[in-house]
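Below: one structure, written as structure tokens.
By convention in this document, chain letters (A, B, ...) are assigned in the order of the sequence lines, proteins followed by strands, and residues within each chain are numbered from 1.
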Amino acid sequence: MPVYIRGVGLTKVSEYWKKSIYDLVVEAGLEALDSSGIDPSEIDRIYVANALGQYINRQGHLGAYVADALGLLNTGAVRVEGTGASGSMAVYLGYKDLLAGAENILVLGVEKMTDVLPTHVYTARSLAEDWSYLTSIGTTFEGLEAILYRLYMKRYNVDQEKIAMLSVISHSHAEGVKHAQFPRKINLESVMRSPIIADPLHLLEIPAPCDGAAAVVLSKKGNVKIDAVEMSTDEFRVFEREDPLWLDAVHDSMKKALANAKLGINEIDFVELYDVSTILGVLELEAMGFADKGKGVELISEEMIGLNGKIPVNTFGGLKARGDPMGATAIYQIIEIYKQLIGEADRSQIDNAKIGLSLSLGGLGNTAVISILSRK
Amino acid sequence: MPVYIRGVGLTKVSEYWKKSIYDLVVEAGLEALDSSGIDPSEIDRIYVANALGQYINRQGHLGAYVADALGLLNTGAVRVEGTGASGSMAVYLGYKDLLAGAENILVLGVEKMTDVLPTHVYTARSLAEDWSYLTSIGTTFEGLEAILYRLYMKRYNVDQEKIAMLSVISHSHAEGVKHAQFPRKINLESVMRSPIIADPLHLLEIPAPCDGAAAVVLSKKGNVKIDAVEMSTDEFRVFEREDPLWLDAVHDSMKKALANAKLGINEIDFVELYDVSTILGVLELEAMGFADKGKGVELISEEMIGLNGKIPVNTFGGLKARGDPMGATAIYQIIEIYKQLIGEADRSQIDNAKIGLSLSLGGLGNTAVISILSRK
Amino acid sequence: MIHRIPDYWRNLPVYLQLKGSVCKKCGAKYFPPRKICPKCGSRELEVYDLPRRGKLLSWTVIRYPAKEFEKFSPYVVGLIELEDGVRLIAQITDVKEDELKFGMELRATVRRAFEEGEDGIVRYTYKFVPI
Amino acid sequence: MIHRIPDYWRNLPVYLQLKGSVCKKCGAKYFPPRKICPKCGSRELEVYDLPRRGKLLSWTVIRYPAKEFEKFSPYVVGLIELEDGVRLIAQITDVKEDELKFGMELRATVRRAFEEGEDGIVRYTYKFVPI
Ligand SMILES: [Zn+2]
Ligand SMILES: [Zn+2]
């Protein structure tokens with residue numbers, strides 16, 4: 001029994017000083033419900049993805065919170081947390097709930113980070129990693145990315161510019177995108193001149209703190225089909241992995257998802273990466289199988305991953321330019337694939353979009369989730 | 001296609017200064033896996049219930065964390081948070097995942113509260129409630145319970161002793177229970193003389209901070225069947241409800257669960273309440289339909305809810321005496337029902353245990369989950 | 001201590017002026033203001049000024065508060081029904097514990113809620129006092 | 001700031017003495033110590049003393065740390081491979097940034113990690129220094 005996306009809704013990713021979690025939830029939730037054409041009372045369950053609310057906003061229990069905000073009482077509602085992968089986990093749960101007999105499921109992701117200083121956001125991101133042996137000894141999430149970055153450049157003898165270029169390409173795809181946090185081009189020089197967060201990682205190679213909410217209605221009817229949602233995990237501490245530059249959870253979830261969807265990797269028309277940094281984007285392309293080990297960097301060009309490239313990537317700007325409201329990010333990705341597949345991607349539209357794939361990560365690939373969607 | 005409980009594991013509920021989340025997870029997880037008789041590699045997915053880790057332990061992403069701790073890499077793993085209802089939500093998700101085609105699911109709940117001072121635990125409990133209009137103006141979770149308590153006594157003209165008695169009965173059921181935090185009797189006088197947390201609520205009417213982990217393996221084979229797991233929500237802020245003493249999410253999830261299991265309330269042999277305070281236990285009995293409004297207090301006697309009573313309640317001590325390691329609590333409840341149904345409840349064993357029911361709450365009934373299990 | 005200034009600032013009109021919302025379709029009234037009416041599903045609600053008087057339905061004395069309220073403990077928190085039937089929970093101040101009574105008349109005022117952290121950022125909110 | 005003293009205290013043997021674990025069945029070695037071997041599933045692992053020397057595989061300079069590390073910023077964190085092949089991540093100290101080299105020899109030492117909150121509770125941990 002196929003499961004479809006029947007309605008979608010999102011807020012622009014931004015810094016919303018005047019909007020609360022409540023405001024964002026209502027905006028995205030109602031848009032998704034309205035576009036689905038079903039009555040809110042027909043929603044069987046609500047899955048809410050949120051990464052940082054208990055730390056940043058002192059607000060937990062967002063399942064019931066969202067149900068209440070949308071005026072949907074007596075509804076089952078569950079909050080899911082897998083840091084950056086929260087949103088795709090929520091889609092996974094909604095998908096399974098439908099397969100188990102539900103009729104209509106609302107999946108909503110929300111994150112409100114900008115109520116606190118950026119230093120707290122950096123700290124919050126590290127909740128995804130081991131407290132006792134990474135965070136509490138002074139390691140940040142960005143620091144871990146930077147260590148992998150330097151290792152990659154050394155092992156494969158690659159210039160940083162070739163990796164940082166992913167940020168430039170992603171930004172070019174976000175130009176004019178209404179829901180993007182940074183809907184404008186940037187050049188490589190400005191990336192390389194931006195402040196260093198953790199050497200060699202620059203500020204313009206990672207997402208900025210932001211807020212946003214996105215929602216999809218899953219149903220037995222619709223115009224975009226879910227072909228597969230598959231999850232996998234890896235060693236929780238990156239330093240323990242046989243090769244720290246190999247994202248095995250990405251590799252494993254990709255393998256499972258393609259098998260489940262009965263597709264070959266060449267049949268994927270475009271990809272939404274989880275570019276929580278430029279270097280992670282490169283490692284993801286390798287682990288997914290789009291490039292050999294050490295060769296992912298060769299894909300980072302307009303010809304390869306541009307909107308008219310061989311395998312378009314981050315068609316609305318990815319985490320860097322569309323923005324990364326953590327718990328909601330994977331749902332933005334799903335909605336972007338939806339828009340491509342129904343031909344409503346505006347300036348980001350690629351030709352012949354029939355099958356789209358998104359990847360999301362929890363931590364440094366501690367979790368990976370692959371979703372594959374296709375036009376009905 | 002029926003879903004069964006195939007293996008269970010738990011730690012004693014206690015204050016574990018020498019054990020970490022890792023230690024607790026491994027202890028409960030391995031016991032559940034071993035008792036199920038299936039090979040760990042046959043686990044398709046792991047659902048991890050945890051309420052407070054991001055706030056208290058600075059550790060999020062517990063899905064992947066638990067998979068790693070158990071040595072199960074390349075497994076799908078999801079953390080679920082619905083405060084006190086986290087554990088039963090995780091059971092719900094595992095149940096649906098099996099109905100959607102999975103073979104074996106590990107559901108694990110863990111909470112490690114005693115690494116911080118009790119004041120932080122009280123604060124953490126209030127994450128379940130609205131930050132902007134309750135917590136940030138000075139209301140605690142226990143304070144809300146206390147307000148309902150006073151209202152109940154006034155409206156129904158009831159003495160506090162009659163309500164506080166629930167704590168005494170629960171403790172008497174925990175006597176000698178190996179996994180209980182407080183395996184001993186207490187008397188009504190000591191309850192009424194214990195310090196007041198929030199007038200009129202006494203310290204010995206609510207659970208104490210504690211740690212624990214519990215796990216169940218769900219499968220297509222087993223000796224205890226899941227008849228229903230149903231969730232519902234209510235207005236998120238208790239003061240908005242038409243009657244703040246009526247737990248409508250409890251009422252609604254009970255109705256759905258009985259319908260789903262094709263059972264009448266009289267067919268339920270025993271009940272695990274979510275006695276996050278004595279007064280909540282009373283309100284739950286009313287909302288579930290075991291007593292009329294204002295009459296729940298009449299059930300609080302050995303004759304009615306004792307182990308040999310009409311409808312035995314909290315057969316291993318409930319939240320007060322077995323303990324309330326929040327994210328794990330609902331899984332302890334499920335395991336206790338399992339033990340009753342297979343006749344391995346030791347001193348807590350009731351006669352003719354064929355159908356058991358557990359209730360868990362997120363916040364003050366913002367969420368309610370009812371699970372019904374039966375002997376195969 | 002993490003400061004959440006924007007959250008406080010967004011809620012200031014509600015904290016200082018007690019705003020609710022009323023459903024234009026079914027007339028249901030809400031505090032805090034809502035954008036969707038749970039009773040009828042309508043999205044046409046408008047903000048209105050809540051009555052600033054009400055009566056006490058129940059109360060407690062908080063003795064183990066969250067960290068930022070420790071210096072104010074013990075303090076009274078009550079469930080209040082405003083004159084138009086809308087309910088809320090608020091601190092009750094300028095009153096001795098043994099003076100509290102079911103049904104007692106109260107009025108809203110603005111007081112200090114708490115100070116955040118070392119920097120001593122002060123937050124204000126509604127509290128109720130006897131009339 | 002929430003103190004997590006028991007967590008620190010539990011990990012002290014590992015922090016101060018660098019303990020790992022080795023699988024008695026397949027010989028795999030782990031840091032931090034594990035109770036189950038992900039490679040072979042064995043539960044027979046024993047704690048052992050890790051070598052206190054290793055070489056630098058990669059590193060970074062943390063410029064935007066968590067609150068409790070702000071006063072130490074910037075500082076160096078590196079990926080280190082110990083003499084028996086076990087890897088870990090640790091702060092590298094007593095070294096200038098431009099002296100850091102791939103493969104450089106390091107040894108473990110115990111240093112202050114950070115001070116928690118106003119009460120100034122001091123935590124110690126392993127850090128590595130050049131040999
Ligand atoms: Zn209405
Ligand atoms: Zn081994």
Side-chain angles (χ1 to χ4, degrees), chain B residues 55 116-127 129-155 157 194-203 206 209 233-245 248 277 279 364, chain C residues 2 4 7-8 10-12 14-15 20 28-34 38-39 56-70 72-82 85-93 97 100-103 111-114 116 123-128:
Chain B
Y55 185 80
V116 299
L117 295 172
T119 176
H120 293 303
V121 174
Y122 292 132
T123 304
R125 279 183 188 152
S126 73
L127 292 173
E129 300 292 336
D130 186 283
W131 160 258
S132 299
Y133 296 99
L134 287 171
T135 323
S136 80
I137 63 158
T139 313
T140 60
F141 186 73
E142 297 76 19
L144 291 173
E145 295 182 288
I147 286 170
L148 300 188
Y149 205 152
R150 190 185 298 271
L151 185 62
Y152 188 95
M153 290 194 293
K154 168 72 175 176
R155 187 195 288 175
N157 194 23
S194 64
I196 289 176
I197 294 291
D199 310 44
L201 188 65
H202 291 88
L203 184 67
I206 63 169
T233 56
D234 200 350
E235 268 121 345
F236 198 69
R237 290 161 293 270
V238 63
F239 61 76
E240 286 197 75
R241 298 176 194 159
E242 194 178 329
D243 180 358
L245 295 181
D248 200 54
S277 64
I279 181 62
L364 270 176
Chain C
I2 299 182
R4 294 172 189 81
D7 174 80
Y8 170 61
R10 277 192 302 270
N11 286 311
L12 260 187
V14 182
Y15 290 155
K29 291 174 174 173
Y30 298 102
F31 175 85
R34 285 179 178 272
K39 294 213 172 57
L56 186 61
L57 299 184
S58 184
W59 69 93
T60 187
V61 184
I62 306 270
R63 297 178 191 280
Y64 294 86
K67 197 83 184 165
E68 53 274 51
F69 289 94
E70 269 178 355
F72 305 105
S73 166
Y75 54 89
V76 178
V77 168
L79 174 63
I80 297 149
E81 186 168 296
L82 301 176
V86 170
R87 276 184 253 115
L88 51 74
I89 277 179
Q91 287 192 35
I92 299 168
T93 192
E97 279 179 44
L100 293 162
K101 281 194 204 61
F102 289 101
R111 294 291 170 86
R112 181 178 301 202
F114 64 87
E116 278 195 291
R123 292 171 62 124
Y124 290 86
T125 189
Y126 47 90
K127 294 190 184 180
F128 280 71

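Heavy atoms of B/Ser126 lying under 4.5 Å from chain C are absent altogether. When heavy atoms are compared at a cutoff of 4.5 Å, B/Arg155 does not approach chain C at all. Interface remark: C/Glu97 contributes side-chain atoms only to the contact with chain B (heavy atom separation under 4.5 Å). Only the side chain of C/Val14 has a heavy atom closer than 4.5 Å to any heavy atom of chain B. Heavy-atom distances place the side chain of B/Tyr122, and not its backbone, under 4.5 Å from chain C. For C/Phe72, no part sits under 4.5 Å from any heavy atom of chain B, backbone or side chain. In this structure, the portions of C/Phe31 lying under 4.5 Å from any heavy atom of chain B include both its backbone and its side chain.
Contact count versus chain C (heavy atoms, under 4.5 Å) is highest, among B/Ser136, B/Ala146, B/Pro200, B/Pro195, for B/Ser136. When each of C/Phe69, C/Tyr15, C/Trp59 is checked for heavy-atom pairs under 4.5 Å with chain B, C/Trp59 comes out on top. Your options are B/Leu148, B/Ile196, B/Thr139, B/Leu201, and the one with the most heavy-atom pairs under 4.5 Å with chain C is B/Ile196. Interface summary for chain B: among C/Ile62, C/Thr125, C/Ile80, the most heavy-atom pairs under 4.5 angstrom belong to C/Ile62.
With B/Glu240 contributing its side chain and C/Tyr30 its backbone, the two residues share no donor-acceptor pair below 3.5 Å. The backbone N or O of B/Asp199 sits nowhere less than 3.5 Å from a side-chain atom of C/Arg63 that would complete a donor-acceptor pair. The backbone N or O of B/Phe239 sits less than 3.5 Å from a side-chain atom of C/Arg87, completing a donor-acceptor pair. C/Tyr64 places no side-chain N or O within donor-acceptor distance of the main-chain N or O of B/Pro118, the cut-off being under 3.5 Å.
For the atom pair CD1 (C/Ile89) and CG (B/Leu144), the distance works out to 5.0 Å, reported to the nearest 0.5 Å. Rounding to the nearest 0.5 Å gives a distance of 10.0 Å between OG1 of C/Thr60 and CD of B/Glu145.
Remark: B/Asn157 CG is loosely packed, at most 12 non-hydrogen atoms of other residues, nucleotides or ligands lying under 6.0 Å away.
What you find for C/Ser58 and B/Arg150 is that their closest heavy atoms are OG-CB, 3.3 Å. B/Ser132 approaches C/Asn11 most closely through the heavy-atom pair OG-ND2, 3.4 Å.
Salt bridge status for C/Arg34 with B/Glu235: absent, with no side-chain N to carboxylate O gap under 4.0 Å.
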Pair C/Tyr126-B/Ile137, side chain to side chain contact (heavy atoms under 4.5 Å, CB included): steps then yes or no
CA-CA 8 Å; C/Tyr126 47 90; B/Ile137 63 158; 3.9 Å; yes
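For the pair B/Trp131/C/Asp7, a side-chain contact is recorded, criterion being any heavy-atom separation below 4.5 Å from C-beta on. Counting only heavy atoms from C-beta outward, the side chains of C/Val77 and B/Ile147 approach each other to under 4.5 Å.
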